[in-house]
Amino acid sequence: MAFVLGHNQYGKAENRVVRVFRDSDPHEIVDYDVSVALWGGQDAPHLTGDNSPVLPTDTQKNTVYAFAKEDDVVAQPESFGIRLARHFVDDTEPITHARVRIEMYPWTRLGNPHAFTRDGRFVRTATVTYDGSTTWVVSGVEDLWILKTTDSEFADFLEDRFTTLAPTHDRLMATSLRAQWWHTSEDVDWGKSHDRVVQTVLETYGNHHSLAHQQTLFDCGAAVLEEQPEIAEIRVTAPNKHHFVYDLARFGIENAGEVFHADDRPYGLQELTVRRDDAPAPGLAFDPGQGW
Ligand SMILES: O=c1[nH]c(=O)c2[nH]c(=O)[nH]c2[nH]1
């Protein structure tokens, strides 16, 4: 029996970088978790242990911290990712592809010019993939919690002999949303664009009269594409965080949708892509992972 090497990539994952902009008054900071993955020309180390084509992950880590000195570049996760990805491919023989994934933890300024509190509303993400000619820039958000106390229905669904769910025309609906959107241009004010997407998603989710979580999420994605022409495609992963009306009738207490059990698992999971009908193919924009 013979074995062949399939897709492989390697890199330094989760480099935690905090950059302080001391020259700005008041001080600014960015807080990143940067993961680098490189591929191309790496048969020898896997098959024979010959490390001559390997740029050590330790060197990759050092590069992340060194480039964090470049003010304009490091200020936004997208521009930092572009800088790093192009460097690793353009300056390192035999690397052909780089993917840099950055999580950004937002901090909010306190009352004085050099103190901050971690803003736990969401994590901002950017994933940049570069193949030596094309650069794919994907921005995103994770752990964006949204909850609405009414304006949500779920009825008229398929029923079979295992169905026990009662249809409802008024329920509490909640999620912790993950979304990633692909820009077809780099001529973007990354910070403003990100703020706008988050705002659009929050407003749409909140204002939408929902017949299903699926419908609300599609509308959120469509609203983002409507607002921002440079975004070609958005992918959303959203658990339906079930809240069950707690049975207080057992104690002779009325509960008209006021006391809920916030269930942890299992949860419904809606995953969808919304794209412009004339959008180009996304190529390597979205990380398929190892497929499990
Ligand atoms: O919005 C919903 N979509 C579903 O597919 C579903 N399934 C379910 O049990 N509850 C819900 N709610």
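Quick caveat, the model's predicted, so the values are computed rather than measured. Hydrogens, waters and symmetry mates are skipped; everything else that's a heavy atom, side chains included, is used. Whatever order the structure lists ligands and atoms in, that order sets their numbers, starting from 1.
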Visitor: Under a 4.0 Å N-O cut-off, is there an ion pair linking Arg171 with Glu153?
Guide: no
Visitor: Do the side chains of Lys241 and Asp263 get close enough for a salt bridge, i.e. N-O under 4.0 angstrom?
Guide: no
Visitor: Atom 3 (N) of ligand 1: which of His213, Gln214, Met173, Glu153 has the nearest heavy atom?
Guide: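 Considering heavy atoms of His213, Gln214, Met173, Glu153, the nearest to atom 3 (N) of ligand 1 sits in Gln214.
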Visitor: Note the single closest protein heavy atom to atom 9 (O) of ligand 1, along with its residue, its atom name and the distance in Å.
Guide: Leu165 CD2, 3.5 Å
Visitor: So, Arg235 and Glu271, do they make that salt bridge, N to O below 4.0 Å?
Guide: no
Visitor: State whether Asp143 and Arg121 are salt-bridged, where the test is any N-O pair (Lys NZ or Arg NE/NH1/NH2 against Asp/Glu carboxylate O) under 4.0 Å.
Guide: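 No, no charged N to carboxylate O under 4.0 Å.
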Visitor: Could you pull out all residues at least two apart from Asp189 that satisfy salt bridge (charged side-chain N to carboxylate O under 4.0 Å, His left out)?
Guide: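 For Asp189, the residues satisfying salt bridge (charged side-chain N to carboxylate O under 4.0 Å, His left out) (neighbours in sequence not counted) are Lys192.
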Visitor: For atom 12 (N) of ligand 1, grab the closest protein heavy atom and report residue, atom and distance to one decimal in Å.
Guide: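 For atom 12 (N) of ligand 1, the nearest protein heavy atom comes out as Arg171 NH1, 3.0 Å.
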Visitor: Counting from 1, what ligand 1 atoms have a heavy atom of Gln270 closer than 4.0 Å?
Guide: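 What qualifies from ligand 1 is 3 (N), 4 (C), 5 (O).
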Visitor: Can you pull out the closest protein heavy atom to atom 4 (C) of ligand 1? Residue, atom name and distance to 0.1 Å, please.
Guide: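 It is Phe154 CZ, 3.4 Å.
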Visitor: Just to check, does Ala212 reach to within less than 4.0 Å of ligand 1 when the distance is taken from its heavy atoms?
Guide: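 Contact check Ala212 vs ligand 1: positive.
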